Structure formats: structure tokens, C-alpha cells
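The structure displayed is predicted, hence computed values, not measured ones. Below, read A as the first sequence line, B as the second, and so on, with proteins coming before strands; counting in each chain starts at 1.
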Number of protein chains: 2
Amino acid sequence: MEERQPNVADVARAAGVSLGTVSNVLNNPAKVTPRTRSKVEAAIAALGFVRNGTARSLAAGTSRTLAFLVEDLTNTFFLDLAKGAEEAAQAANLNIVLANADSREDKQRSYLDLFEEERVAGILLAPRQDLLDQVAPLRYRGVRVVVLNAHPPGDVCSVETDNVRGGYLAAQHLIAGGCRRLLFAGAHRFPAVVDRLQGTRRAVAETGGEVTLEVMTTDGVTADDGYEVATVIHSRSDQDRPDGVIAGADLLALGLVQATLVRGRLRVPEDLSVIGYDNNREAWSSLVPLTTMDQAGVQMGRSAAELIIDELRNPREHEHRRIVMEPILVPKSSTRPLVGDPAPPATPARWLPEHAPGQA
Amino acid sequence: MEERQPNVADVARAAGVSLGTVSNVLNNPAKVTPRTRSKVEAAIAALGFVRNGTARSLAAGTSRTLAFLVEDLTNTFFLDLAKGAEEAAQAANLNIVLANADSREDKQRSYLDLFEEERVAGILLAPRQDLLDQVAPLRYRGVRVVVLNAHPPGDVCSVETDNVRGGYLAAQHLIAGGCRRLLFAGAHRFPAVVDRLQGTRRAVAETGGEVTLEVMTTDGVTADDGYEVATVIHSRSDQDRPDGVIAGADLLALGLVQATLVRGRLRVPEDLSVIGYDNNREAWSSLVPLTTMDQAGVQMGRSAAELIIDELRNPREHEHRRIVMEPILVPKSSTRPLVGDPAPPATPARWLPEHAPGQA
DNA sequence: CCCTACCTGTGAAACGCTTCAAAAAGTTCG
DNA sequence: CGAACTTTTTGAAGCGTTTCACAGGTAGGG
């Protein structure tokens, strides 16, 4: 533990071969006779040799590690992204390390700096929406970057989902289930939420007045915000009350649904349908499983990693792409099934009360 | 982007100083005259020089990066650990990267291999409990490792909480609140859960028969498992029914509480007190905020990082320590306040139903 | 039996930085 | 003004790999 760790020269000496041969055993085993190879491998095992990755990166001029920098790891959507990226990286025989920017500008910057210094093979970045300008300087200096869940200006690959489309699909689902008085609830400081609202507006407009839309601005998109929304809804008279809510995010939907359920006056989804957004695992244990829009995070992560791997492998032919994915409706039990659609929801309602709740 | 990136020699040339001086500006600014320093800094900025971290690590023989390998990032307890470790690392001017073993043996191993190759300054490991034997070989080869949430055999620093004590405190809290028929529910395949049960047993034994304990083994510790428990409890007659439940983990407690609430026959905490474990953020949006045992993850992470930093700074004097922390009771609203204790719970009940639920 | 091809194995030359002994430049003081 | 320090700067020697032009050996063909 005090003494110097063995290096390739030590291994070479022990195996009675040259230094370059050891390197070949490590990197191009096919170029070495089985006989020689096993001698070298025996020496490696005997000495407990572990190749020095920093020297390797330096000499080879390229690392085998990707970095994934995430806005906020507590949001499970980002974990899905990481999972997908990891799968793709592994398939390409690359490693991937994670870092959490914790929604802080300084952290995002300092991790980007770190990864640039460490000469990682590439950076996957799921950034805070207002910190996209940190990308251009990196690209300028030749750092490989792919952006997830956003699209910065300039020549960069990116993978995102179409939030406008998501809002549209969510609203359409409620409408198809028979809702006529929609409420959109969410915090307008999130660009994604604003996009979803825009899509909702479009879906409502397409009904030509048959469906009404009310917009409620909340502080954030937490369960507490959902509770506030529930309070407002409950204070309304039957005519003024929405029969379908598009929530800006799952936790908001969760709070709304649970507060509604426990108050016992309105049934979900019979009296009030609620659809969330993100398929967030923090909301999976909802009393009534939430219908939600899934952003296919795993697949996004995979695509992003594949983009950066392509850039890595074919620096010359690679051209930057902007991938926009379609969010996927995940019908569970917080919304009514489509009128005339006998298909059961993917997830059965597990949490329904024994006794019928009171009439609205 | 095609041309070679600038290196220290380029900077030295541009600034009209020697190569060693540039290095000093980077690493020992105090050793350089302000005049010279600013010349060098100007050159760095002009060339867009970014120091090559792999070369630095190689030459210096030591990296400035710690690695944190976690059993399962979807569990927010581990995120707390990471947060604490990051704080401590930052204070010591070290970086920290994350990796997720996803509870898989091969991943845990391959990340450990990666970090050893990359010669990180140290590895913080929150391992799967049955994969502790991967630690010894690393230590043997001189890799700095600190283990969190477990204690492997051998000469290693570790930080964990006392689960026996936690189970004891949890039970004591219920008893102090007036519970007399306790139920412990959890999956016995988790060593931590078994320890908690042991503590609970001790607390019950100390009452000299005044309090009874029943043990229910569940498949896992998810909300669904909690639902199963709720079903069993509801099927019981009033005499046979427990009045206090110690859940092996928060999600289990969450499922139990919510299923109970929505059935409307029993009140929480009046008829049934429930205490969870872990202060898991996935359970924060519970209808009735969960009383739970907090493992002080942030502080654990911080301590672990401090241990490894000490080993890093004082390799000679450093001696390995096993830190065992005390879990902390976080009283919220799913358990009755202590008899005669007028202090309100830290977290007020936000989700209580408008109408009183039916009598038990 | 020689020549050509091919396959293995060789080892010096990078890679870009830190380190550190020694040289150079400054400073103090008699 | 110069000796005796102190502070600042210098640059060559590593760090442990990979790379690649080349040497040595083997086999097949003429």
C-alpha cells in the first residue's frame, strides 16, 4: 500500500515481453498470440496490475467515459434519462458518470468545467432551461455535448419531447372521456408548463366552443399546490366546477386527487378527471393511479447517448440532429376511459375505497 | 475544433514566461508576482486554455475527484448521502461524481473497477448489503474507500445508523403515544429491517407485557405491500386489531395510511398510529404526513466524505473509524403526540378530511 | 534455396502536466 | 557598493500509457 503500484513495464518484465505487447494484450488482444497473451495475463494477475486510466487517456488522447450532468436528480424523470444513457453507453463499451447540478447555476458551471478539464469523451447535459448559454462556449472549444430536454441555439445535438403536443394529447384524452369544463393548473415560470398549456388551448379551440378552458396559475408544481387547487375546486358550485383537470406535473395532480378523494364529496374520475405529466415515480403510489403523459425518459437518454457516440465514432460525417419525441399517454385510473372504449386501463385501480363516496 | 487544443507550453509562449510559471499560476498563485500572474491569466483567456485534467492527475500522481457509488439512486435516502458528501467535498476543494449500481452486482463491480482505473482520490460506497466483499481487494491494492450504510469486515472507515436503536425508538414513540397492540410490518430479506424489528422487540419487552407485538412479513417495502397490510388490518375485529404499526420503510407506511384513510373506517392516528422509516421524499406527499425515523442522510454523507478527506490529507496518522449514528425521530401527523406532550408536530396535518370519518 | 508476405513482438517517442533543484532577480543592510 | 539573503522564475526530468515504424521470424511459392 505504501509501495509503488505496478505499471506496464513491471508487467512486461514479469512476463518476459516488451511493454508494447502488454499494451496490446490490454487493447488489441487479437494481435497477440494466445501463448504470449496468457503469459501476460498471468503476470497481470500475479502483480495485481490495474491500468492507469489517466495515463491511458493522456496517451490515447481520448477517454472512455461520458459524463451526464443533470439539473435535478431528485426528479425521477432525470433518472430515467440517465438509465437510458447508461444502457446505450454500455452497449458501446463506454462508462458513464453522473453529476447533479441541483438546479444551481454555479454547480452546473463547475461540473461542466470539471468534465471539460477531465477530457471526458462527451457530456450529456439536461440543463436548467435558463442556463442554455453555458453550452455554446463548450462546443466552441470542441467539447462534445448533447443536450436533453431542451434545445439551445447553435450547432448541437439535442433530444426533447414536444410539450405542446403533450398538452394537446392530454386535453384531447379528457375531452374524449367526456369532460366539457377543463381546468389547466400549473406554474407558468416553467417553460415546459407554458408549452403544455398552449397545446391544451389548441385542443380546446378545436372543439369549437363545446369545451371550455379555465387556467389556474399555481406557485409551483408540488403536491401542496395540488391541494390548493383542490380547495378552490371544492369551494365552487356544481355548475362552476371543472370536470377535468390537466395538471402541469404529476405531484400537483397527486395532491389534487388525494385531497379530493379524502374529502369524499367528489369521485375520481367520475366527477373529476385528472391527468398529470411526467409519469413521475414519486406519484406512483397515488391512491388512485394517475393517468399521465410519459416523456419516455429512458428512450430519450438512450437516443442522446447514441447521438454523442455517433459524434465520437464518426467525427467527420456526423451531423447535428434535433430529435423531438412524442410524449405518450399512459391511461390509468384518474381519468374516465374513452367513451365507447372498452379497453381497461393499463394499471387497474388498486386503491379504490370500499364504500362508495358521497354524491357530488 | 479540428486543431490541437492549447497546452501550458502554448500559454507560456504567449505570456512570455516559462512553462513552470504557468503551472504555478494554476496551482500556487501565491508563488507568482501579481504582474506575472496577470500576464499568464491574460494568455490563458486569450487562448481559451483549459488544463488537461488527465495529464494533471498523471503528473501529480493524485486526482482531485472523489467517486460516490450508490446502490440505488431511486431511493432518495442515497441522494441525501450524495448531497452531504458533495458539500464536504466542495469544502475541501474536491469534486465528486456519482454512479448508480442499480442494485446489480455486475454494475457495482464494474464501477468500482472504473474508479480504480481512473485513480480517483477516493471512493465512497453505499453498497448492496450482500456485496461487501468487493471492498477488501480494493483496500488491499491501496484504494481509499469509505463505506456508507454498512460495515464490511476489515480495515475500512464506515458510516451507518443504528437500525436496532431506530426500531427501538420508533416503538417507544408509539408506546408513549398510548399504543398497546403493536404490529411490525416489513420484508425480512433486508438486514436493516431485521435490525429494526430487533429494536422494536426490545422496546416491547421492556414494557413487561403491557404491550403486545405482532410481526407481519411482507414481500417488499412498497406502497403495495402497505396496502396488503391495510387489508389484513381491516379484516380484523376491533380487539384483534393493532393500534400502532411500525413499518419497515416509508412507502409501506404510506400505502397503509392512505388505504386506511380512504376506507374511512379507521382514523389515523386516533385509531391507528403508523410510523415509517427513512424520511423518504417519495412519501412526503402523504395524505397524512408520516411520522418517520430520519437517518440523517446528509450528515452521514458529509461524515463519510470527511473521513476519506482525512485519509487523503494525512495518510500516515489516519486511523480507520466506524461511525454509528443515531436515527432521529421526526414526529408528524400519523402518530399520536406523546401523552401529556402539548408540543405540536413539526409538520402540521395538511390533508385531513373535511368531514369526520366514520367511527371505528 | 532464396524471395516475398505476413504475422508477432519491440521500444523509442509522444501525450500535457507537476515538481524541484538550481539559476536569476530583488531586497536588505553594514 | 557588495555581501548575504529572500523571492521569483526557469526548464529538465519524470508520471504510465498508447502508438507506430520497424525488426525478427515463419511460411509458402517459385
Side-chain angles (χ1 to χ4, degrees), chain A residues 3-41 43-44 47-65 114 116-121 141-142, chain B residues 3-41 43-44 47-65 93 114 116-121 141-143:
Chain A
E3 41 196 301
R4 192 174 55 74
Q5 300 190 359
N7 59 23
V8 277
D10 297 326
V11 174
R13 207 171 308 124
V17 300
S18 90
L19 186 151
T21 301
V22 176
S23 180
N24 275 334
V25 171
L26 257 29
N27 304 305
N28 311 82
K31 286 194 173 179
V32 180
T33 306
R35 236 178 85 79
T36 320
R37 195 191 317 161
S38 58
K39 267 196 305 184
V40 172
E41 278 163 353
I44 288 179
L47 295 178
F49 167 77
V50 175
R51 117 130 87 22
N52 184 322
T54 63
R56 174 202 225 277
S57 296
L58 176 59
T62 166
S63 152
R64 304 201 55 71
T65 302
L114 171 66
E116 186 180 4
E117 276 202 20
E118 295 298 332
R119 300 292 195 272
V120 294
R141 274 179 250 123
Chain B
E3 43 196 299
R4 193 173 55 74
Q5 299 189 359
N7 58 24
V8 278
D10 297 324
V11 174
R13 207 170 307 122
V17 300
S18 88
L19 188 150
T21 300
V22 176
S23 180
N24 275 334
V25 170
L26 257 30
N27 304 305
N28 311 81
K31 287 195 170 178
V32 181
T33 307
R35 236 178 84 80
T36 319
R37 197 192 314 161
S38 57
K39 267 197 304 184
V40 172
E41 279 163 352
I44 288 179
L47 295 178
F49 167 77
V50 175
R51 117 130 89 18
N52 184 322
T54 63
R56 174 204 225 275
S57 295
L58 176 59
T62 165
S63 153
R64 303 202 55 72
T65 302
N93 198 24
L114 171 67
E116 185 180 4
E117 275 201 20
E118 294 299 331
R119 301 292 196 270
V120 295
R141 273 178 252 124
V143 179

What is the distance, to the nearest angstrom, from the [atom1] atom on [X] to the [atom2] atom on [N]?
{"X": "R35(A)", "N": "dG25(D)", "atom1": "CZ", "atom2": "C1'", "result": "14 Å"}
{"X": "R4(A)", "N": "dG16(D)", "atom1": "CZ", "atom2": "C1'", "result": "10 Å"}
{"X": "N28(B)", "N": "dT9(D)", "atom1": "CG", "atom2": "C1'", "result": "13 Å"}
{"X": "N7(B)", "N": "dC15(C)", "atom1": "CG", "atom2": "P", "result": "9 Å"}
{"X": "R119(A)", "N": "dG16(C)", "atom1": "CZ", "atom2": "P", "result": "8 Å"}
{"X": "L19(B)", "N": "dT8(D)", "atom1": "CG", "atom2": "C1'", "result": "16 Å"}
{"X": "L26(A)", "N": "dG16(D)", "atom1": "CG", "atom2": "C1'", "result": "12 Å"}
{"X": "E118(B)", "N": "dT17(D)", "atom1": "CD", "atom2": "C1'", "result": "12 Å"}

### Message
Under 4.0 Å, heavy atoms only, any strand: does G61(A) hit a base, just the sugar-phosphate, or nothing?
### Response
nothing

### Message
Mind checking if T33(A) touches a base, just sugar-phosphate, or nothing, with heavy atoms under 4.0 Å?
### Response
sugar-phosphate

### A30(B) vs A60(A), nearer the 5' end of DNA chain D by closest nucleotide
A30(B)

### Query
How do P34(B) and A9(A) order along DNA chain D: which one's closest nucleotide is nearer the 5' end?
P34(B)

### For DNA chain D, the residues among residues 49-57 of chain A that have a non-hydrogen atom under 4.0 Å from it
F49(A), R51(A), N52(A), A55(A), R56(A)

With a 4.5 Å heavy-atom cut-off, do [X] and [Y] have their side chains touching?
{"X": "V50(A)", "Y": "Q5(A)", "result": "no"}
{"X": "R4(B)", "Y": "D10(B)", "result": "yes"}
{"X": "V32(A)", "Y": "V40(A)", "result": "no"}
{"X": "T65(A)", "Y": "E117(B)", "result": "no"}
{"X": "K39(A)", "Y": "T21(A)", "result": "no"}
{"X": "L26(B)", "Y": "I44(B)", "result": "yes"}
{"X": "S63(A)", "Y": "E118(A)", "result": "no"}

Rounded distance (nearest 0.5 Å) linking atom [atom1] of [X] with atom [atom2] of [Y]:
{"X": "E116(B)", "Y": "L114(B)", "atom1": "CD", "atom2": "CG", "value": "10.5 Å"}
{"X": "N24(A)", "Y": "T33(A)", "atom1": "CG", "atom2": "OG1", "value": "11.0 Å"}
{"X": "R56(B)", "Y": "T54(A)", "atom1": "CZ", "atom2": "OG1", "value": "12.0 Å"}

### Query
In terms of side-chain heavy atoms of N27(B), which of dG11(C), dT17(D), dT18(C) is nearest?
dT18(C)

### Task
Give the angle between the helix axes at the two ends of the helix from dC1(C)-dG30(D) to dG30(C)-dC1(D), taking five base pairs at each end and rounding to 10°.
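Overall, the helix from dC1(C)-dG30(D) to dG30(C)-dC1(D) bends by 40° from one end axis to the other.
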
### Query
When you check every protein heavy atom under 4.0 Å of nucleotides 21-28 of chain C, what one-letter string (B, S, -) results, 5' to 3'?
--------

### Query
Within the distance-only criterion (no hydrogens, no angle test), does the side chain of N52(B) pair as donor or acceptor with the backbone N or O of A55(B) below 3.5 angstrom?
yes

### Query
Where is the tightest heavy-atom contact between L47(B) and A14(B), given as atom of each residue plus distance?
CD1-CB, 4.1 Å

Verify the contact: side-chain N or O of [X] to OP1 or OP2 of [N], cut-off strictly under 4.0 Å; return yes or no.
{"X": "S23(A)", "N": "dT18(D)", "value": "yes"}
{"X": "T36(B)", "N": "dT9(D)", "value": "yes"}
{"X": "T21(B)", "N": "dT9(D)", "value": "no"}

